[in-house]
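Step one of this worksheet: look at the structure below.
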Amino acid sequence: MTDKEAAQLITGAAKGCPKECGQAYAPVNIALCKYWGKRDEMLNLPVTSSLSLSLPELGATTRISFREGHDQLFLDGVEQSRDSVSARRVSKYLDLFRPDRSTFFHVESESTVPIAAGLASSASGFAALALALNDLFQWNLGLRDLSILARLGSGSAARSIYTGFVLWHAGTREDGMDSFAEPVDGEWPGLCMGLIMVSRREKAVSSRIAMKRTVDTSALYRAWPAKVESDLKNLRQAIEKKDFDLLGRTAESNALAMHATMMDSQPPVLYWMPETVEEIRKIWRLRDNGLPVYFTMDAGPNIKMLFMEKDASLIREHFPDMEIALS
Ligand code: 2P0
């Protein structure tokens, strides 16, 4: 099945009279058990399930309306040239939803996170775009369908449809209709995530390319599905029992294993910078001294620390530049 057929399967039955402008907000999400590797590249179907935590304060607000001639994309108030990577990627996604070939869109998106700095800006961006399209066309789709539509733009966007803990089911169907995200029950007051920005520069290798290279060339990747299965079990148990050490330990180990598979690829992918290693060693030192703090990392050099609110002031003393993203 193509991505266009998948989109039509979902939106085809939806009736509604388009509005002048659609608008939506979607949060960033940080995976505690990562999505790394696809079983279908066109549909962004993952090899494994994944589990994330949304950061409600960080995200993208997107407005979309109709226009003539060609698509127009503004990111944080700046018009993107039509042949830029971002404009081409958005237009390709909008192709899935054009009622006819002469319908074009004006899209404006404001993000509270730096684009392509390993902070999952494509996840909130495509989730907000899918939700804004639903508003524009007045499809009134359910969240499960919207999660599938968001996935067609970027895999991790499937999870940014929700707040809180979110599980994205890998699914087994070839058409991907069972590969959507759902919220996981479990409020966790006091759970904090702090960001350490090692670099705001755009990464040299996109996660899409790094993921494919890992699947194609890493022998270590063969162990990844079993690792994910066990980590998901532990994370669900940690969320249910509010076992912070189990949550932190599992998330940290999952991120390190993902990076190990990248480093094992040919040619190798290494997102870490010297400061990344310094900060990791600092976190481990603090933990050895009894401070419960863990980290996770995505496809970039930046670090997301996990800790409890009761320890926040101590953590801030050690990491004065930390930005608190969830508390
Ligand atoms: C994640 N990442 O679970 C993992 C961990 C990066 C590291 O999902 O090709 O931008 O658009 O489906 O979603 C980043 O990959 O990739 C990602 P596409 P995406 O958050």
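In each ligand, atom 1 is the first atom listed, and ligand 1 is the first ligand listed. Positions are given from 1, in the same order as the sequence printed here. Atom set for the values below is all heavy atoms of this structure, side chains included, hydrogens, waters and symmetry mates excluded.
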If we number the atoms of ligand 1 from 1 as shown, the ones under 4.0 Å from a heavy atom of S122 are 10 (O)
Per-atom filter on ligand 1: closer than 4.0 angstrom to a heavy atom of K34 are 3 (O), 5 (C)
At a non-hydrogen distance cut-off of under 4.0 Å, which region of S156 contacts ligand 1 (side chain, backbone, both, or neither)?
both
One finds that the ligand 1 atoms under 4.0 Å from a non-hydrogen atom of R208 are 9 (O), 11 (O), 18 (P)
Numbering the atoms of ligand 1 from 1, which are under 4.0 Å from a heavy atom of A31?
1 (C), 3 (O), 20 (O)
State, without any angle test, whether S160 and N29 hold a side-chain donor-acceptor pair at a distance under 3.5 Å.
yes
Before signing off on this row, confirm whether S154 and ligand 1 have an N or O atom pair separated by under 3.5 Å.
yes
Under 4.0 Å between heavy atoms, the region of R89 that gets near ligand 1 turns out to be side chain
Record the part of R159 in heavy-atom contact with ligand 1 below 4.0 Å; permitted values are side chain, backbone, both and neither.
side chain
Hphob cluster co-occupancy, V47 + M211, side-chain heavy atoms under 4.5 angstrom:
yes
Taking the six-membered ring for Trp, are F74 and H106 parallel (under 30°), tilted (30 to 60°) or perpendicular (over 60°)?
tilted
Aromatic rings Y294 and F244: how do their planes relate, parallel, tilted or perpendicular, breaks at 30° and 60°?
perpendicular
Please evaluate residues F105 and F66 with respect to the criterion ring-ring contact (aromatic ring centres under 6.0 Å, His included), reporting the C-alpha separation (whole Å), side-chain torsions for both, the decisive distance (0.1 Å), and the verdict.
CA-CA 5 Å; F105 299 94; F66 298 103; 5.6 Å; yes
Do any heavy atoms of A299 fall under 4.0 Å from ligand 1?
yes
Regarding S52 and R159, is there a side-chain donor-to-acceptor distance under 3.5 Å anywhere?
yes
Below 3.5 Å, N or O to N or O, backbone or side chain included: is there any such pair between G155 and ligand 1?
yes
We want to know whether D264 and T261 form a side-chain donor-acceptor pair, criterion being a heavy-atom distance below 3.5 angstrom.
no
Do the two ring centres, one from Y93 and one from F126, sit under 6.0 Å apart?
yes
Would you mind running through ligand 1 and noting each atom that sits below 4.0 Å from a heavy atom of M211?
15 (O), 16 (O)
Heavy-atom pairs closer than 4.0 Å: do any link ligand 1 to the side chain of S207, the backbone, both, or neither?
side chain
Please could you name the atoms of ligand 1 that M258 approaches to less than 4.0 Å, counting only its heavy atoms?
5 (C), 7 (C)
Would you say the side-chain atoms of K34 and T296 include a donor-acceptor pair closer than 3.5 Å?
yes
Considering the heavy atoms of K38, write down every atom of ligand 1 situated less than 4.0 Å from one of them.
9 (O), 12 (O), 18 (P)
